[in-house]
Number of protein chains: 2
Amino acid sequence: MSGRRISSQPTAANASSAPGSTVRIGVLASVIGFNLRMAQDASFRAFAKHAGLDHLKPGRYAAMTIIRDNPGIAQGEVGRAIGRDKSTVTPLIQDLQRQGFIVREASSTDRRRVTLRLTRAGDAALTSLSRRARDHERKLDAIVGDQKTAFVALLKKIATEIS
Amino acid sequence: MSGRRISSQPTAANASSAPGSTVRIGVLASVIGFNLRMAQDASFRAFAKHAGLDHLKPGRYAAMTIIRDNPGIAQGEVGRAIGRDKSTVTPLIQDLQRQGFIVREASSTDRRRVTLRLTRAGDAALTSLSRRARDHERKLDAIVGDQKTAFVALLKKIATEIS
DNA sequence: TATTGTTATACTCTATAACTATA
DNA sequence: TATAGTTATAGAGTATAACAATA
């Protein structure tokens with residue numbers, strides 16, 4: 001571990017950057033977009049590291065939760081819920097099916113639709129994954145503390161209102 | 001535009017999901033990790049859309065800002081500042097050089113190190129990109145409002161403390 | 001005509017590992 | 001031995017466009 005530390009403390013107008021000194025991230029320090037990215041990245045990595053994603057990758061968790069909570073949901077609707085194109089959802093769903101976690105069934109009323117529901121194995125896998133997700137979320141809760149409600153409200157607001 | 005709306009309102013114990021109804025995202029609604037991802041994703045897409053990233057992709061902005069604020073910084077240090085491996089930074093830097101936005105120079109004191117600084121063209125490009133980034137940040141500011149300080153502090157805290 | 005889902009394809013971002021050169 | 005950077009390579013995730021089936 002060498003090199004400079006990472007800091008948002010802008011040192012004075014010292015011209016050139018020497019090894020061992022501190023990186024000035026400058027205006028980036030207070031930019032919401034940048035910090036959003038760093039936080040999401042760190043959170044994602046921590047989750048992936050602890051969740052042992054051998055046969056259940058992080059994106060799957062949201063999809064499976066949505067399918068569990070909305071049995072009979074169509075693929076496209078899963079995509080809209082997680083903000084992904086249908087062409088992104090197709091392989092994801094196929095993967096879950098290959099692992100025996102979901103069953104796909106053509107809708108009887110609209111044969112274009114493929115309805116989804118968890119199998120018992122899928123439910124068990126989700127339960128196990130949820131346990132690890134809960135550990136991760138607990139860490140986040142500890143970091144965010146009593147501001148969680150306001151914090152999550154702002155994240156939601158960004159997701160829906162930014163354009 | 002069809003299908004159900006996305007909502008966090010869990011309807012009662014109605015079993016099966018019908019088209020046109022509302023997707024229950026259930027527990028996901030209050031999960032920090034999920035909302036972090038949705039917010040970051042939406043923010044990133046909006047920025048990319050408006051910034052006209054023809055020859056200056058989003059990751060570049062942070063790197064160039066750091067180089068501008070730390071002339072003579074080494075590649076590896078840029079990587080640490082943005083949380084990326086050196087093998088990820090190399091092509092990014094090469095790309096910036098190919099576009100004439102930065103110059104690379106071997107350090108005189110340690111010839112392994114490649115020091116970086118913006119060219120005049122790079123500075124101009126960064127200025128122009130900054131203008132668009134500022135527009136984007138202004139939108140985020142408007143969404144976040146007077147809670148910005150606390151909000152950014154929490155994002156930073158997540159980025160540094162999650163494990 | 002519009003929508004659901006699939007496929008082919010391509011692009012971006014990322015890391016691991018092996019390497020060179022320097023320290 | 002350790003570090004800075006490069007390269008080869010591979011994998012995740014994503015989208016666009018063209019398509020078939022169905023509405």
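Per chain, numbering begins at 1; letters A, B, ... match sequence-line order.
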N/O (side chain, B:R104) to phosphate O (OP1/OP2, D:dT6) under 4.0 Å: yes
Whether B:H136 side chain and B:F44 backbone form a donor-acceptor pair below 3.5 Å: no
Rounded distance in Å - CD1 (B:I82) to P (C:dT14): 7 Å
Side-chain donor or acceptor of A:N35 paired with backbone N/O of A:V31 under 3.5 Å: yes
Chi-angle category of C:dA18 [syn within 90° of 0, anti beyond]: anti
Interatomic distance where CZ belongs to A:R113 and P belongs to D:dA23 [whole Å]: 12 Å
Donor + acceptor pair across side chains of A:T127, A:R131 (<3.5 Å): no
Neighbour count >12 (heavy atoms, 6.0 Å) for atom CD, A:E105: no
Interatomic distance where CZ belongs to A:R111 and P belongs to C:dT6 [whole Å]: 16 Å
Inter-residue atom distance A:I82.CD1 - A:R60.CZ, 0.5 Å rounding: 9.5 Å
Side-chain N,O (B:Q75) to OP1/OP2 (D:dT6) below 4.0 Å: yes
Nucleotide paired to D:dG13 in any strand shown, Watson-Crick or G-U, under 3.5 Å: C:dC11
Value in whole Å for how far the C1' atom of C:dT4 lies from CG of A:L116: 12 Å
B:L96 CG - C:dC13 P separation (whole Å): 11 Å
Pick out the pairs of N or O atoms, protein on one side and nucleotides 15-18 of chain D on the other, that lie under 3.5 Å.
{"residue": "D:dA15", "atom": "OP1", "partner": "B:R45", "partner atom": "NH1", "Å": "2.8"}
{"residue": "D:dA15", "atom": "OP1", "partner": "B:R45", "partner atom": "NH2", "Å": "3.2"}
{"residue": "D:dA15", "atom": "OP2", "partner": "A:D85", "partner atom": "N", "Å": "3.0"}
{"residue": "D:dA15", "atom": "OP2", "partner": "A:T88", "partner atom": "OG1", "Å": "2.7"}
{"residue": "D:dA15", "atom": "N7", "partner": "A:S87", "partner atom": "OG", "Å": "3.4"}
{"residue": "D:dT16", "atom": "O4", "partner": "A:S87", "partner atom": "OG", "Å": "3.0"}

5' priority, DNA chain C, between A:R112 and A:Q94 [closest heavy atom]: A:R112
Minimum side-chain heavy-atom gap A:I158-B:F151 below 4.5 Å: yes
Rounded distance (Å) that lies between atom C1' of D:dG5 and atom CG of B:L92: 14 Å
Polar contact flag, side-chain donor to acceptor under 3.5 angstrom, B:R113-B:Q75: no
Rounded interatomic separation in angstrom, taking CD1 from A:I93 and C1' from C:dG5: 11 Å
Nearest-angstrom distance from the residue atom CD of A:E77 to P of C:dT3: 14 Å
